[in-house]
Amino acid sequence: MTPAARLSAAITILDAIREGAPAEQALTNWARASRYAGSGDRAAVRDHVFDALRCRGSFALLGGGESGRNLILGLLRVQGADAVALFTGEGHAPAPLTAEEASLLAAPLPEAGALALHDWPDWLRPQLAADLGADFAAVSLAMRGRAPVFLRVNTGRTDRAGAQAALAAEGIDSLPHPLAETALRVISGARRVQSSAAYRDGLVELQDAASQAAVETVSPAGRARVLDYCAGGGGKALALAARAPDARIVAHDIDPGRMRDIPARAKRAGARITLAPPGGVSGMFDLVMVDAPCSGSGTWRRTPDAKWRLTPEALARLVGLQQEILAAAARHVAPGGALLYMTCSLLDCENGAQIRRFVERGIFGIVAEHRFLPLGPAEEAADGFYAAQLHRLR
Ligand SMILES: C[S@@+](CC[C@H](N)C(=O)[O-])C[C@H]1O[C@@H](n2cnc3c(N)ncnc32)[C@H](O)[C@@H]1O
């Protein structure tokens, strides 16, 4: 496919998403209907679509509207690409620019910091600005870029240098990331990770550096019994298992289907994790982890369509659900035990405010709170994440 044909494809997919299709579904539908597209084409089209979704607000402003074509015009303006040369209407290229579109190209480009403020839903911007304070502008900028691929080194199998060497032997270059002791940031060969021997042999797992750092906030010493109450695919349970190889770890999720990969992942990692059926947790634990369902606002670089789908009502429902989950999970914390509450949210209503309300009952006290923000160059910044460690007082 020519560069212009890839843009046409991105325009079609963005229009499907605008009409309500989930981004992944729209991309899959296009790929199925476009057998001529090679893996390079699919990756490039995907990048265009995700770039446009992350920056939907500012690209709409720059491109003169919300359609796929407008968004791609906005993207080209930011990239400094020659839209006239690409929008020729020849072959599979988008139709030539209208006079109105051409006039947009002549207008000066606002600076990135100003554009970034448009890339939040209007209703959420004031809340985020208040919650992030002095970091709001920098986080807004970092959230416009593509998220890096991070790996967690499985210290049960190797150390960080050993994992780096094994990956490099398969053409995957990585750098240690300062946020977590186990974190590697992939700088080339990311698409090869899941087919690599290093991955198959359990030396590394895909996991954002902030998630790793969150699990590192709690000492595994003396945590013989661990419950991962919202285990999902098991990312946090596996990270904890590597730090506490002798712990008895139980994974639980209201949707057992979400835990289906845990046995295979645990086997690869050499970890022991027992699955509990929904509502089937019994007994008390020294550490209960609650990686709560949340807005995901800290991870919107990876799932940018979720940013535009979130509504105030859905956020309020999530906050209510988090309260219920906290209360249910807390019943399994043994006296003197710890509760680790985590979200991948940037919002105080899901993080600090949630925890402050929870400790008002006087059963738990706050030991530590950690807020991880995507700051600095997007290609190095980890996701936004929050972790609170609580101690059961009575
Ligand atoms: C953020 S995800 C967990 C991700 C996972 N811990 C990981 O690291 O891969 C939140 C999970 O909470 C689960 N969940 C939602 N409501 C729940 C509830 N009431 N009780 C237990 N789990 C729940 C969801 O099914 C989802 O898998």
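Start at 1 and go down the list; that is how both ligands and their atoms are numbered.
Which parts of ligand 1 touch Gly234 is read off a 4.0 Å heavy-atom cut-off, strictly below it: atoms 9 (O). With ligand atoms numbered from 1 in the order given, ligand 1 contributes 1 (C) to contacts under 4.0 Å with heavy atoms of Ala292.
For the residue pair Ser297 / Ser295, a side-chain donor-acceptor distance below 3.5 Å is found, with atom types taken as modelled. Side-chain contact annotation: Ser211 with Asp208, donor-acceptor N/O pair under 3.5 Å absent.
Gln79 CD: more than 12 foreign heavy atoms inside a 6.0 Å radius.
Remark: Asp119 does not engage Arg54 in a salt bridge, criterion side-chain N to carboxylate O under 4.0 Å. Under 4.0 Å is where a charged nitrogen must lie from a carboxylate oxygen, and between Asp383 and Arg301 at least one such pair does.
Considering Ala231, Ser211, Gly233 only, the shortest heavy-atom separation from atom 5 (C) of ligand 1 involves Ala231.
Considering backbone and side-chain N/O atoms, Arg265 never comes within less than 3.5 Å of an N/O atom of ligand 1. Remark: ligand 1 and Gly235 share an N or O pair separated by less than 3.5 Å (distance only, no angle test).
Counting heavy atoms closer than 4.0 Å to ligand 1, residue Ile325 contributes side-chain atoms (C-beta onward) but none from N, CA, C or O. If you look at Arg258 next to ligand 1, the close heavy atoms, those under 4.0 Å, all belong to the side chain.
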